[in-house]
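We count residues from 1, following the sequence as given. Just so you know, these numbers use all the heavy atoms, side chains as well, and skip hydrogens, waters and symmetry mates. Just so it is clear, the structure is predicted and the values come from calculations on it, not from any experiment.
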Amino acid sequence: MATKLDKTIKREIEMDGQAYMVTISPDGVKLTQKGFRKGREMSWRALWASGSEEGAGAGAGGNGQ
């Protein structure tokens, strides 16, 4: 059983030698370079709307196949 996301979770990742903070919240996800406040943010609805793979048709893999 999955745990409900009801508070913000922050984790550090490294890409190309740079440290970034990933913030996952009930509102969405944000990626920010460590030490900075501004970053790239996306709501869960926008993330879902931008994807076309899930339920796109046969062989999409999102239908329990």
I'd like to know if [Y] and [X] are part of one continuous hydrophobic network [Ile/Leu/Val/Met/Phe/Trp/Tyr, side-chain heavy atoms within less than 4.5 Å].
X	Y	value
Phe36	Ile24	no
Val22	Met15	yes
Tyr20	Val29	yes

Run the side chain to side chain contact (heavy atoms under 4.5 Å, CB included) test on Ile13 and Leu31 for me, step by step, so that the C-alpha distance in whole Å, both residues' side-chain angles and the decisive distance to 0.1 Å come before the verdict.
CA-CA 10 Å; Ile13 62 168; Leu31 181 64; 4.1 Å; yes
Could you pull out the closest heavy-atom pair between Pro26 and Leu5, with the gap in Å?
CG-O, 3.6 Å
For Glu12 and Lys34, run side chain to side chain contact (heavy atoms under 4.5 Å, CB included): C-alpha distance rounded to whole Å, both residues' side-chain angles, the deciding distance at 0.1 Å, then the answer.
CA-CA 8 Å; Glu12 183 178 323; Lys34 192 168 181 183; 2.7 Å; yes
Identify the residue among Lys10, Arg11, Glu41 that makes a side-chain contact (heavy atoms from CB on, under 4.5 Å) with Thr23.
Lys10
Please check this pair: side chain of Trp44 against backbone of Ser25, looking for a donor-acceptor N/O pair closer than 3.5 Å.
yes
In Å, rounded to the nearest 0.5 Å, how long is the span from NZ of Lys30 to NZ of Lys38?
9.5 Å
